[in-house]
Amino acid sequence: MSEEIKVQESAAADSVSQDALENVVSLKKGDSVKGTIVKIEDNQAFVSLGYKYDGVIPLRELSSVNLENAADAVQVGQEVEAKVVSINDEKASLVLSKRQVDSTRAWDDLQAKFDNGEAFEVTVADVVKGGLVVDVGVRGFIPASMVERHFVEDFSGYKGRTLRVKVKEIDRENNKVILSAKEVLEAEYEAQKQSIMASLQPGQVIEGTVQRLTPFGAFVDIGGVDGLVHVSEIAWSHVAHPADVVSEGQSVKVKVLKVDPSIGKISLSIKAAQPGPWESASGQFNAGDIVTGVVKRLVSFGAFVEIAPGVEGLVHISQIAHRHVATPHEVLKEGQEVKAKVLDFNPSEKRVSLSIKETEEAPPQAERAPRSPRAPREETNLPAPESMSFTLGEKFGDKLSKFK
């Protein structure tokens with residue numbers, strides 16, 4: 001090989017070596033660098049930066065929240081930005097912090113979201129006493145009362161879930177960020193509620209699902225919003241408590257009674273979406289039928305007896321017993337079960353006439369004793385009326401003469 005060729009090869013080698021040196025990244029403590037995750041172990045992640053050797057991000061420097069595994073924060077191939085915490089070329093040690101870079105950016109970003117009322121997504125990193133912890137560049141906390149619109153007893157299933165939240169409170173000096181998912185849900189619910197309310201019409205019959213039961217009624221979900229079925233609108237018969245008739249999660253048909261967008265109130269009825277008691281009873285009863293019923297009310301002129309749920313008939317006071325009854329309370333009491341005969345049934349006018357006495361055998365009439373002949377008048381020795389005529393003078397004449 002000629003000397004000329006050797007010189008050219010040597011020059012070329014020097015040039016490559018010089019280029020390689022120029023391409024090696026120069027680093028110092030405090031620098032922010034970008035790299036790619038090339039390896040993940042349980043308690044650390046390795047980052048290729050183009051330096052002499054890879055950097056290491058310890059588990060504690062991967063996130064502002066506690067992690068069990070480095071894989072919970074980063075993935076192989078992911079590009080990250082980190083700050084140089086320490087560097088020791090002799091030991092080939094380069095320690096990086098992703099947390100510090102994220103934290104610096106996070107405060108400005110969170111402040112902007114707070115000022116704008118912006119909703120954004122977060123992933124639940126941990127469930128702790130009192131709420132949920134999320135990583136938003138800094139440690140964010142969602143109190144238990146701000147997670148859902150309804151009460152949640154157990155949050156154990158929330159770890160790893162994605163929630164939409166708003167910044168409720170931010171305090172950079174004390175490293176405090178309070179988030180609320182409930183506020184986002186409330187806003188979404190109200191928007192959906194107004195949209196649904198605009199589409200509802202009184203008299204409309206729709207499907208719903210019982211969401212909650214209270215002593216005064218049942219809240220029914222009718223497509224993302226709740227309407228109230230008052231306890232008096234649950235069934236045609238008397239309902240002491242909604243739980244006696246319906247249960248949470250049950251599908252029901254409801255009729256829209258009233259929609260008031262100004263106060264966000266939807267009034268529903270379960271019973272109105274079903275055939276009424278008089279409609280159901282039509283054809284069930286006929287004049288002459290003997291039925292069993294329960295005395296519901298006593299009034300001065302008779303008793304109202306329920307012969308089917310929501311169907312009451314009147315037993316007139318004259319039809320209570322074969323004997324004379326001055327007041328229904330003499331014979332009947334509320335809640336008493338009685339047999340009655342249907343005298344007239346008119347479902348179109350919602351009227352039933354009943355008789356209790358016609359289900360009972362009339363007592364035999366007592367025979368009158370024969371009238372005894374009038375006894376003859378006894379004779380007396382009294383003088384005849386005309387012989388009883390006298391004057392005061394005749395009776396007291398001798399006595400009156402003394403006063404002359």
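Both backbone and side-chain heavy atoms feed into the values below; hydrogens, waters and symmetry mates do not.
Checking side-chain atoms of Thr104 against main-chain N and O of Gln100 turns up a donor-acceptor pair under 3.5 Å. Between the Ser48 side chain and the Val38 main chain, no donor and acceptor come within less than 3.5 Å of each other.
In this structure, Gly160 and Thr123 approach most closely via the heavy-atom pair O-CG2, 3.7 Å. Of all heavy-atom pairs between Ile222 and Gly208, the closest is CG2-CA, 4.3 Å. A pairwise comparison of heavy atoms in Val136 and Ala106 identifies O-CB, 3.2 Å as the closest pair. Of all heavy-atom pairs spanning Ile196 and Gly223, the tightest one is CD1-O, 2.9 Å. Ala181 approaches Ile142 most closely through the heavy-atom pair N-CG2, 4.3 Å. The heavy-atom pair separating Ser64 from Gly137 by the smallest distance is OG-O, 2.8 Å.
Annotation for Asp244: atom CG counts as buried by contact number, over 12 foreign heavy atoms lying within 6.0 Å. More than 12 heavy atoms of other shown residues, nucleotides or ligands fall within 6.0 angstrom of atom CZ in Arg161. Within a 6.0 Å sphere centred on NZ of Lys193, other residues, nucleotides and ligands contribute more than 12 heavy atoms.
Going from atom CD1 of Ile37 over to atom CG of Leu62 covers 7.0 Å, rounded to the nearest 0.5 Å. Atom CD of Gln284 and atom CD of Glu279 lie 13.5 Å apart (nearest 0.5 Å). Here the CG atom belonging to Leu96 is positioned 11.0 Å from the CD atom belonging to Gln44, to the nearest 0.5 angstrom. With rounding to the nearest 0.5 Å, the separation of CE in Met146 from CG in Leu132 is 12.0 Å. The NZ atom of Lys182 lies 14.5 Å from the NZ atom of Lys166; values are rounded to the nearest 0.5 Å. Here the OG atom belonging to Ser267 is positioned 11.5 Å from the CG atom belonging to Leu200, to the nearest 0.5 angstrom.
Applying the ring pair (Phe, Tyr, Trp, His ring centres under 6.0 Å) rule to pairs touching residues 100-153 yields nothing, sequence neighbours excluded. For residues 211-236, every residue pair satisfying the side-chain hydrogen bond (donor to acceptor under 3.5 Å, both in side chains) rule, not counting sequence neighbours, is listed here: His230-Ser232, Glu233-Ser269. Residue pairs satisfying the salt bridge (charged side-chain N to carboxylate O under 4.0 Å, His left out) criterion with at least one member in residues 258-277, sequence neighbours excluded, are absent. Screening residues 124-142 for side-chain hydrogen bond (donor to acceptor under 3.5 Å, both in side chains), with sequence neighbours left out, gives Ser63-Asp135. A ring pair (Phe, Tyr, Trp, His ring centres under 6.0 Å) check over residues 273-315, counting only residues at least two apart or in different chains, returns the pairs Phe285-Phe345. For the salt bridge (charged side-chain N to carboxylate O under 4.0 Å, His left out) condition, the pairs that include at least one residue of residues 84-93, sequence neighbours left out, are Lys52-Asp89. Counting only residues at least two apart or on different chains, the salt bridge (charged side-chain N to carboxylate O under 4.0 Å, His left out) pairs with a member in residues 108-120 are Asp108-Arg172, Asp109-Lys113.
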Enumerate, atom names and distances included, each donor-acceptor pair closer than 3.5 Å involving a side-chain atom of residues 329-340, sequence neighbours excluded.
from   : atom 1 : to     : atom 2 : distance (Å)
His329 : ND1    : Thr327 : OG1    : 3.4
Glu330 : OE2    : Ala326 : N      : 3.4
Gln336 : OE1    : Lys333 : N      : 3.1

Identify each donor-acceptor pair in which a side-chain atom of residues 72-84 lies under 3.5 Å from a protein atom, sequence neighbours left out, and give them as a table.
from  : atom 1 : to     : atom 2 : distance (Å)
Asp72 : OD2    : Asn69  : N      : 3.4
Gln78 : OE1    : Gln75  : N      : 3.0
Glu81 : OE1    : Arg105 : NH1    : 3.2
Glu81 : OE1    : Arg105 : NH2    : 2.4
Glu81 : OE2    : Arg105 : NH2    : 3.4

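No side-chain heavy atom of Leu185 sits less than 4.5 Å from a side-chain heavy atom of Arg164. By the 4.5 Å heavy-atom criterion applied to side chains, Val122 and Thr162 are not counted as neighbours. By the 4.5 Å heavy-atom criterion applied to side chains, Lys29 and Asp31 are not counted as neighbours. Within the 4.5 Å cutoff, no side-chain heavy atoms of Leu257 are placed close to those of Leu268. Side-chain atoms of Ile270 and Val245, non-hydrogen and from C-beta on, never get closer than 4.5 Å to each other. Residues Val56 and Leu94 fail the side-chain proximity criterion, which asks for heavy atoms closer than 4.5 Å. Under the 4.5 Å side-chain criterion, counting only non-hydrogen atoms from C-beta, Pro143 is in contact with Ile178. Two residues are said to be in side-chain contact when any heavy atoms from C-beta on lie closer than 4.5 Å; Leu27 and Leu49 meet this criterion.
Residue Glu312 forms a side-chain hydrogen bond (donor to acceptor under 3.5 Å, both in side chains) with just one option from Lys350, Arg297, Arg351, and that option is Arg297.
Note on Lys98 versus Glu61: no salt bridge recorded, every NZ/NE/NH1/NH2 to OD/OE distance being 4.0 Å or above. Note on Lys159 versus Glu68: salt bridge recorded, some NZ/NE/NH1/NH2 to OD/OE distance being below 4.0 Å.
No hydrogens or angles considered: nothing links the side chains of Ser86 and Asn88 as a donor-acceptor pair under 3.5 Å. Judged by distance alone, the side chains of Gln194 and Tyr189 never bring a donor and an acceptor atom under 3.5 Å apart. For Gln204 and Gln201, the side-chain atoms include no donor-acceptor pair closer than 3.5 Å.
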Requested in this report: Take Leu314 and Val352, measure what side chain to side chain contact (heavy atoms under 4.5 Å, CB included) needs, and give me the verdict at the end.
Outcome: CA-CA 6 Å; Leu314 172 65; Val352 183; over 6 Å; no

Requested in this report: Could you check Arg99 against Ile57 for side chain to side chain contact (heavy atoms under 4.5 Å, CB included), going step by step and ending with a plain yes or no?
Outcome: CA-CA 9 Å; Arg99 176 181 61 83; Ile57 307 178; over 6 Å; no

Report task. Test Arg149 against Glu186 for salt bridge (Lys or Arg N to Asp or Glu O under 4.0 Å), laying out the working first. Result -> CA-CA 7 Å; Arg149 293 180 59 245; Glu186 289 284 8; 3.4 Å; yes

Query raised in the report: Stepwise, does the side chain to side chain contact (heavy atoms under 4.5 Å, CB included) test hold for Val225 with Ile266?
Result: CA-CA 9 Å; Val225 299; Ile266 303 172; 4.1 Å; yes

Query raised in the report: How far apart are the C-alpha atoms of Asn346 and Ser348, what are their side-chain angles, what is the distance that settles it, and do they pass the side chain to side chain donor-acceptor pair (under 3.5 Å) test?
Result: CA-CA 6 Å; Asn346 192 331; Ser348 61; 2.6 Å; yes

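Partners of Lys296 by salt bridge (charged side-chain N to carboxylate O under 4.0 Å, His left out), not counting sequence neighbours, listed by chain and number: Glu306. Taking the side-chain hydrogen bond (donor to acceptor under 3.5 Å, both in side chains) definition, one finds that Lys176 meets it with Glu169, sequence neighbours left out. Contacts of Glu207 classified as salt bridge (charged side-chain N to carboxylate O under 4.0 Å, His left out), with partners at least two apart in sequence or in another chain: none.
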